[in-house]
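Report on the following structure.
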Amino acid sequence: MQHTSSFLSRFISPRVNHRNDSYGGNTEKRSRILFEILDGIKNAVPELHVTIKINCSDFTFGGLDEEESIEISGNGTSVAGIKPHVNEAYFLNFAAGLAEKISVPVILVGGLRSLETMQNILNTTKIELLSLSRPLLREPDFPNKLLNHKATESKCISCNACYGSPAHKCVFRRK
């Protein structure tokens, strides 16, 4: 399945954006549109909290890479075959390094499947927040299961079939 990234992700990618004006070229110019949108939102609704999520990698030759990233995520379909305690948290090294360098909270997303791994990340790095996606498609109540000691691992097997299903629903969920 071909995955189409969002307009803004494509716009800031050096692989796609070949503009020669004030919106193309170096990282600052390609990112200009993001800051103009953010400023517009903040001017219109100053009390609104706005979070920007931009890929840390396009995973393509000549694309956005970790050196130009803003947030820890990636372009395209998520990594398949994530197993608890084996290959979780595939952006962990970059996110932990970023959290050491900046003064704003870093949110880690990508392949989090077990309570033990999540606790270890929060206790041993400066990463302050964790984000779940596919585990919540499989088990919308997964955070409550963790909190109430009814589960320690997600049932998500990272098959990526949710990307091809209507409305990105887990194909193994019966509801």
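Reckoned from all heavy atoms, side chains included, excluding hydrogens, waters and symmetry mates.
- A donor-acceptor distance shorter than 3.5 angstrom exists from the side chain of K42 to the backbone of L48, with no hydrogens or angles considered.
- Within the 4.5 Å cutoff, the side chain of Y90 has heavy atoms near those of the I82 side chain.
- The minimum heavy-atom distance between T125 and A96, with the atom names listed, is CG2-CB, 4.1 Å.
- Panel note: side chain H168, backbone S165; no donor-acceptor pair is recorded below 3.5 Å.
- With a 4.5 Å cut-off on side-chain heavy atoms, L129 and L108 do not count as touching.
- Residues F11 and I33 approach most closely at CD2-CG2, 3.6 Å, considering heavy atoms.
- Put simply, the side chain of L136 does not reach to within 4.5 Å of the side chain of S154, judged on heavy atoms.
- Looking only at side-chain heavy atoms (C-beta outward), I107 and L130 stay at 4.5 Å or farther from each other.
- S114 and P84 get closest at one heavy-atom pair: CB-CB, 4.0 Å.
- A donor-acceptor pair under 3.5 Å is formed between the side chain of N17 and the backbone N or O of Y23.
- The salt bridge (Lys or Arg N to Asp or Glu O under 4.0 Å) pairs that include a residue from residues 119-140 are E100-K126, E139-K145, where partners are two or more places apart or lie in different chains.
- For H149, the NE2 atom counts as loosely surrounded, since its 6.0 Å shell holds 12 or fewer non-hydrogen atoms of other residues, nucleotides or ligands.
- C159 has its side chain within reach of F172: a pair of non-hydrogen atoms, C-beta onward, lies under 4.5 Å apart.
- Using modelled atom types, no side-chain atom of R113 and backbone atom of H85 make a donor-acceptor pair closer than 3.5 Å.
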- What do the steps show when you test E28 against R32 for salt bridge (charged side-chain N to carboxylate O under 4.0 Å, His left out), and what is the final call? CA-CA 6 Å; E28 183 179 345; R32 179 180 177 191; over 6 Å; no
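- Listed for the D141 side chain is no donor-acceptor partner under 3.5 Å among the backbone atoms of N144.
- A95 approaches I127 most closely through the heavy-atom pair CB-CD1, 3.7 Å.
- The shortest distance between side-chain heavy atoms of V109 and L112 does not fall below 4.5 Å.
- When each of L146, N148, L147, T152 is tested with K150 by the rule side-chain contact (heavy atoms from CB on, under 4.5 Å), just one qualifies, namely N148.
- With contacts defined as side-chain heavy-atom distances shorter than 4.5 Å, the pair C162/K169 does not qualify.
- Residues F91 and L122 fall within the same hydrophobic cluster, defined by Ile, Leu, Val, Met, Phe, Trp and Tyr side chains chained together at heavy-atom separations under 4.5 Å.
- Connection of L115 to I157 is not established within any shared hydrophobic cluster, with ILVMFWY side chains joined at heavy-atom distances below 4.5 Å, either directly or through further cluster members.
- With a 4.5 Å cut-off on side-chain heavy atoms, R173 and P140 count as touching.
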